[in-house]
Structures are given as C-alpha cells and as structure tokens.
Amino acid sequence: MTNITHRDTDDCRSCLECSRDNGCVRCPERLFLFLQRDGMSHHGTCLLTCPPGHYEQKGKDMNRCMKCRSLDCEHCFSRDFCTKCKAGFQLYKGKCLSRCPPGTFPHHSDCLEHCLTSPLGEWSEWSACQRDGATCGYRWGRQSRTRGTSDNHTTSFCPLQAETQRCRMRKRCTLPRKALTKVPTVQWYILGSVSERAVDEVAYI
C-alpha cells in the first residue's frame, strides 16, 4: 500500500492518509471513514455524516461509519438499535417490524404504546343538557363532549377522551300543540227527506 501524503487526487482530497487503490485510510478528526465494498476490496471515503444504513462511531484514533445490523434499518444509534426504518416498516423499541405488535398501534413510521403520545384532535360540540333521558323538567342536568386523535389511522385504536359538566335545564316542558280536526257534515233523514246539519264540534287528537 502506497500512502499519498499530499492529497492530489479527488479520492484523497479529504483524507489525512490515502491509498491509490483503496482511497482514504485515515480521516481528519471531525470526519468519519466510510468503507464501501468494491469487488474483493474496500474503498475508503471521509464523510461529514454517515450514509443511510450506518451509524457514527467515534474512536480515540479515528471516527468510522459502522453498518447497522438490520437491513430494514435506515438509521441506527448503534449496531442493534434502529432510530429510523426503511419505508414499509414500523419502528418499535429499536427494531424494524413489518407490523406493530399486539397492544400497540401504528403512528406514521412508529409503533406507539400509549395514546397520549398521539396528537389529539379538537373537542366535539357539547351534547344536549339531559337528566334521566329528559331535556326538560329538572333544574340541573349533565352534558358531555369527546375528542380523539387527529390522525385518522390511529383513531380506531385509541379510546375517545370524554368530559362532562353540569348544565342548566329548562324546568318547564313545552308540550306540542294539539292538532284540530273538524268533524264532517252529518246527513239526517227526516220523514223521507234528507237534510244536512253542520256539526260545529271539534275533535281533539
């Protein structure tokens, strides 16, 4: 291996030490050495941040880009702990899963255990003030309102939040006005003659 101390090629421009055949072999303090397989050998590059599927490992002598163990992991904190999964997978406790485990529900690219970590939507309107199913006839009643998560994908998994409050009722109940129906004309048969008598009485329903 021949080192180039004067970085006179594009591959060696960011290196402290470089090989003509294998690229960077040593990087400046703030950069990370990324080794990419090229056939039977590796080619080194000094990067400011590591590429997807790798995590940054700082060392005493040199910083390196290390590969995540899971192929479904896009970013990881360490070899076995993912922080972001590739499309089509859900992140749960550092693992990338094809579906969320029982007792959890998907929210974007994560599996959440508690509904409180989901963004909540707006409160609904207050319900009618009632007591024992009636909306009048009492002085005080109760009314309620609810709200769920703002994300439609999680609403069915999270129970609705609800709150109730005391409310003033209408003490007098207004009964519906009774309809009036006029009795039809009655025909009277007197001594073979027919006469009509209008009945003025009113029947109540």
Enquirer: For the residue pair Arg166 and Arg142, what are the closest heavy atoms and their distance?
Expert: N-NH1, 3.4 Å
Enquirer: When rounded to the nearest 0.5 angstrom, what distance separates NZ in Lys95 from SG in Cys82?
Expert: 7.5 Å
Enquirer: Any chance you could lay out the side-chain contact (heavy atoms from CB on, under 4.5 Å) test for Ser109 and Leu91, step after step, and finish with the verdict?
Expert: CA-CA 6 Å; Ser109 60; Leu91 181 65; 5.6 Å; no
Enquirer: When rounded to the nearest 0.5 angstrom, what distance separates CG in Leu47 from CG in Leu33?
Expert: 8.5 Å
Enquirer: Start with the C-alpha gap between Gln130 and Thr135, add the side-chain angles, then the distance that decides, and say whether side-chain contact (heavy atoms from CB on, under 4.5 Å) holds.
Expert: CA-CA 5 Å; Gln130 297 184 16; Thr135 57; 3.8 Å; yes
Enquirer: Please walk me through it: do Cys96 and Cys85 pass disulfide bond (SG atoms under 2.5 Å apart)?
Expert: CA-CA 6 Å; Cys96 294; Cys85 298; 2.1 Å; yes
Enquirer: Strictly under 2.5 Å separating the two SG atoms? Check that for Cys27 and Cys46, please.
Expert: yes
Enquirer: Could you check whether atom CZ of Arg99 has more than 12 heavy atoms from other residues, nucleotides or ligands sitting under 6.0 Å from it?
Expert: no
Enquirer: Would you sort out whether Leu31 and Leu48 count as a side-chain contact (heavy atoms from CB on, under 4.5 Å), showing the intermediate values?
Expert: CA-CA 5 Å; Leu31 301 184; Leu48 186 61; 3.9 Å; yes
Enquirer: Give a yes or no on whether the backbone of Leu71 and the side-chain of Lys86 come within a donor-acceptor separation of less than 3.5 Å.
Expert: yes
Enquirer: Within a reach of under 6.0 Å around CZ of Arg30, are more than 12 heavy atoms found that belong to other residues, nucleotides or ligands?
Expert: no
Enquirer: Should Arg145 and Glu163 be marked as a side-chain contact (heavy atoms from CB on, under 4.5 Å) after you check the CA-CA gap, both sets of side-chain angles, and the distance that decides it?
Expert: CA-CA 6 Å; Arg145 64 178 183 175; Glu163 64 179 14; 2.6 Å; yes
Enquirer: Of all the heavy-atom pairs spanning Ser14 and Cys24, show the shortest one and how long it is.
Expert: OG-SG, 4.3 Å
Enquirer: Membership question, hydrophobic clusters at under 4.5 Å side-chain separation (ILVMFWY): are Leu35 and Met62 in the same one?
Expert: yes
Enquirer: Would Cys50 and Cys65 satisfy disulfide bond (SG atoms under 2.5 Å apart), going step by step from the backbone distance to the final call?
Expert: CA-CA 6 Å; Cys50 293; Cys65 291; 2.1 Å; yes
Enquirer: Over all heavy atoms of both residues, which pair between Cys100 and Asp110 is shortest? Give the atoms and the distance, please.
Expert: SG-O, 4.2 Å
Enquirer: Considering non-hydrogen atoms only, spot the tightest contact between Asp132 and Tyr138 and give its length.
Expert: OD2-OH, 3.9 Å
Enquirer: Just how far is it from atom SG of Cys136 to atom NZ of Lys171, taken to the nearest 0.5 Å?
Expert: 12.5 Å
Enquirer: How far apart are the closest heavy atoms of Pro101 and Cys111, and which atoms are they?
Expert: CD-SG, 4.2 Å
Enquirer: If you take all heavy atoms of Tyr92 and Thr104, which pair is closest and at what distance?
Expert: CE1-CG2, 3.8 Å
Enquirer: Pair Cys68, Cys76 - check disulfide bond (SG atoms under 2.5 Å apart), show working.
Expert: CA-CA 6 Å; Cys68 305; Cys76 54; 1.9 Å; yes
Enquirer: Which pairs count as side chain to side chain donor-acceptor pair (under 3.5 Å) when at least one residue sits in residues 48-76, sequence neighbours excluded?
Expert: Arg69-Asp80
Enquirer: Listed by chain and number, what are the side-chain hydrogen bond (donor to acceptor under 3.5 Å, both in side chains) partners of Gln143, not counting sequence neighbours?
Expert: Gln165
Enquirer: For Arg170, what residues pass the side-chain hydrogen bond (donor to acceptor under 3.5 Å, both in side chains) criterion, not counting sequence neighbours?
Expert: none
Enquirer: Taking the side chain as every heavy atom from C-beta outward, state whether Met169 and Arg139 have any atom pair closer than 4.5 Å.
Expert: no
Enquirer: Does Arg168 reach the side chain of Trp140, with side-chain heavy atoms less than 4.5 Å apart?
Expert: yes
